Amino acid sequence: MGKGKVGIVGSGLVGKSWAMIFASAGYNVTMYDINNEAVQNALVDIEAQLLALEKSQLLRGSLSPKEQKDLITGTTSLEECIKDAFFIQSAIPENPDLKKKVFKNIAELVEKDDVIISSSTSCLMPDIIFSDSARKSQSIICHPVNPPYYAPMVEIIPHDETTQDIRKRTREIMAEVGQKPVLLNRAIDGFALNRIQYSVINESWRLVQDGIMSPEDVDTVLTAGLGMRYATIGPFETIHLNAEGVREYMEKFASSIKRVSATFGPTPDYSGEALEKICDMIEAKIPLDQMAKRRARRDKLLAGMAKLLKELDSEE
Ligand SMILES: NC(=O)c1ccc[n+]([C@@H]2O[C@H](COP(=O)([O-])OP(=O)(O)OC[C@H]3O[C@@H](n4cnc5c(N)ncnc54)[C@H](O)[C@@H]3O)[C@@H](O)[C@H]2O)c1
Ligand SMILES: *[C@@H]1O[C@H](CO)[C@@H](O)[C@H](O)[C@H]1NC(C)=O
Ligand SMILES: *[C@@H]1O[C@H](CO)[C@@H](O)[C@H](O)[C@H]1NC(C)=O
């Protein structure tokens with residue numbers, strides 16, 4: 001049994017999710033951490049998560065929770081984690097010097113040129129984290145969305161030296177394990193998700209800062225409006241369907257988009273009065289000591305939505 005071995009470096013929040021994702025697709029997973037307690041806790045937590053997922057009928061893949069759990073082992077030896085793995089997914093703290101060092105070490109342990117060495121980094125550029133690696137041409141970033149098990153998009157960002165073959169195979173593997181990969185042809189600060197997300201945060205903030213709307217109402221614009229739309233169709237399909245095609249949409253609306261966009265103004269400072277107002281609102285609704293409960297709610301809703309969309313889509 002087992003299709004091939006994946007090495008996970010780092011057994012925190014994201015490392016555990018990756019382990020579950022690869023195991024759900026039938027891969028053997030060896031999860032490494034410098035801290036033995038972290039590895040042992042991660043294995044216990046994964047088993048609990050798999051059972052809970054099955055109970056709520058959200059378990060991915062066709063294997064039982066036990067079969068999936070049996071595919072995952074833990075280690076505190078980086079060498080053991082890397083040995084014979086065809087894909088290495090790292091998920092260690094977001095610290096450039098630490099990542100540089102770890103990717104240097106991984107490159108030294110990898111023996112074959114076709115092994116994919118991947119980082120989960122949210123915002124460190126590939127030329128920085130892989131700068132000391134002797135295997136840049138097979139290194140790449142696979143940036144998941146938190147929580148990766150429920151929000152399937154993964155953005156793939158190559159190093160300038162990453163070969164076309166590694167880019168293509170990374171994308172194929174991500175799709176095969178049930179994620180939704182997107183590929184950037186070259187690295188850009190913020191990658192795609194955060195560039196788009198920051199433009200939303202930027203304008204949401206401004207609407208509160210300028211006293212146009214309450215923070216609650218801005219949230220509703222997204223959750224009950226744009227967010228619902230964007231969970232089903234993206235911005236290009238939206239404009240295509242909202243007119244007789246994109247061309248006609250732009251004939252009608254390009255001038256409005258340009259007029260409104262010209263009023264966006266400078267990037268907010270993200271401090272001062274607007275910060276106080278937004279914190280007051282959100283902390284009244286979700287006190288800082290109740291974050292875990294709210295994160296569990298988020299995960300449940302995301303998982304349910306992903307499942308529902310998949311079912312509805314396959315009925316067509
Ligand atoms: N949490 C998120 O929302 C999120 C989303 C997408 C991407 N990421 C990225 O994923 C990466 C990991 O984030 P996380 O939230 O899982 O962090 P985390 O703190 O939960 O886990 C990090 C783990 O790495 C271990 N570690 C530390 N040094 C190590 C080393 N030298 N070798 C191996 N393991 C080591 C720690 O013991 C810990 O278990 C970061 O680069 C982060 O930017 C995070
Ligand atoms: C993969 O995991 C299965 C289930 O635990 C195990 O029987 C098999 O030996 C493992 N294969 C490898 C190559 O580790
Ligand atoms: C956010 O800030 C930048 C920088 O000032 C600005 O150009 C942009 O229009 C703002 N709004 C959005 C939605 O990105």
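Given the structure is predicted, the values throughout are model-derived calculations rather than measurements. First listed ligand is number 1; within each ligand, the first listed atom is number 1.
Atoms of ligand 1 found under 4.0 Å from any heavy atom of Lys99, numbered from 1 in the order shown, are 40 (C), 41 (O). Set against the non-hydrogen atoms of Asn146, the atoms of ligand 1 under 4.0 Å away are 2 (C), 3 (O), 5 (C). Close approach of ligand 1 to Gly10 is summarised as follows: ligand atoms under 4.0 Å from at least one heavy atom of the residue are 24 (O), 34 (N). For ligand 1, the atoms sitting less than 4.0 Å from at least one non-hydrogen atom of Ser122 are 6 (C), 7 (C), 8 (N), 9 (C), 42 (C), 43 (O), 44 (C), numbered in the order shown with element in parentheses. Applying the 4.0 Å criterion to heavy atoms of Leu98 picks out, from ligand 1, the atoms 28 (N), 31 (N). For ligand 1 and Thr121, the ligand atoms under 4.0 Å from any heavy atom of the residue are 41 (O).
Between Tyr32 and Glu80, every side-chain heavy-atom pair lies at or beyond the 4.5 Å cut-off. Between Ile88 and Val6, the closest side-chain pair of non-hydrogen atoms is not below 4.5 Å.
Distance check: Lys100 NZ to Asn95 CG gives 10.0 Å after rounding to the nearest 0.5 Å. How far CD1 of Ile129 is from NZ of Lys101: 15.0 Å, rounded to the nearest 0.5 Å. A distance of 11.5 Å separates CD in Glu67 from CG in Leu50, rounded to the nearest 0.5 Å. Residue Lys5 holds its NZ atom at 8.0 Å from NZ of Lys83, rounded to the nearest 0.5 Å. Atom CG in Leu59 sits 7.5 Å away from atom CE in Met20 (nearest 0.5 Å). Rounding to the nearest 0.5 Å places OG of Ser256 at 10.5 Å from NZ of Lys258.
For atom 1 (N) of ligand 1, the protein comes within 4.0 Å by at least one heavy atom. Within a 4.0 Å radius of atom 26 (N) of ligand 1, the protein contributes at least one heavy atom.
For atom 31 (N) of ligand 1, the nearest protein heavy atom (residue, atom name, distance) is Val102 CG2, 3.6 Å. Distance from atom 32 (N) of ligand 1 to its nearest protein heavy atom, with residue and atom name: Tyr32 CE2, 3.4 Å. What sits closest to atom 38 (C) of ligand 1 on the protein, heavy atoms only, is Asp33 OD2, 3.5 Å. Atom 19 (O) of ligand 1 has as its closest protein heavy atom Pro93 CG, 4.8 Å. Among all non-hydrogen protein atoms, the one lying nearest atom 40 (C) of ligand 1 is Ile92 O, 3.2 Å. The protein atom (non-hydrogen) at minimum distance from atom 17 (O) of ligand 1 is Leu13 N, 4.7 Å. The protein atom (non-hydrogen) at minimum distance from atom 13 (O) of ligand 1 is Val14 CG2, 4.0 Å. In terms of protein heavy-atom proximity, atom 9 (C) of ligand 1 is closest to Ser120 O, 3.3 Å.
Nearest to atom 5 (O) of ligand 2 by heavy atom, out of Asp70, Leu71, Asp84, Leu63, is Asp70. When Asn28, Val29, Thr30 are ranked by how near their heavy atoms come to atom 3 (C) of ligand 2, first place goes to Asn28.
In Leu78, neither the side chain nor the backbone holds a heavy atom less than 4.0 Å from any atom of ligand 1.
The main-chain N or O of Asp114 is found under 3.5 Å from a side-chain atom of Arg169 such that the two form a donor-acceptor pair. Remark: side-chain polar atoms of Thr30 are not paired, donor with acceptor, to backbone N or O of Gly7 under 3.5 angstrom. Judged by distance alone, the side chain of His240 and the main-chain N or O of Val246 form a donor-acceptor pair under 3.5 Å.
Cluster membership check: Leu226 shares its hydrophobic cluster with Trp205, using side-chain heavy-atom separations under 4.5 Å among Ile, Leu, Val, Met, Phe, Trp and Tyr.
Below 3.5 Å of separation, one finds no N or O of Asn35 facing any N or O of ligand 1. Of the N or O atoms in His143, none lie within a sub-3.5 Å distance of an N or O in ligand 1. Among the atoms of Ala38, none of the N or O lies under 3.5 angstrom from an N or O of ligand 1.
For the ligand labelled ligand 1, residue Lys101 lies outside the 4.0 Å heavy-atom shell.
Of the candidates Lys99, Glu94, His143, Thr121 forms a side-chain hydrogen bond (donor to acceptor under 3.5 Å, both in side chains) with just one, namely Glu94.
For the pair Lys3 and Tyr27, the distance from NZ or CZ to the six-membered ring centre is under 6.0 Å and the angle to the ring normal is within 45 degrees.
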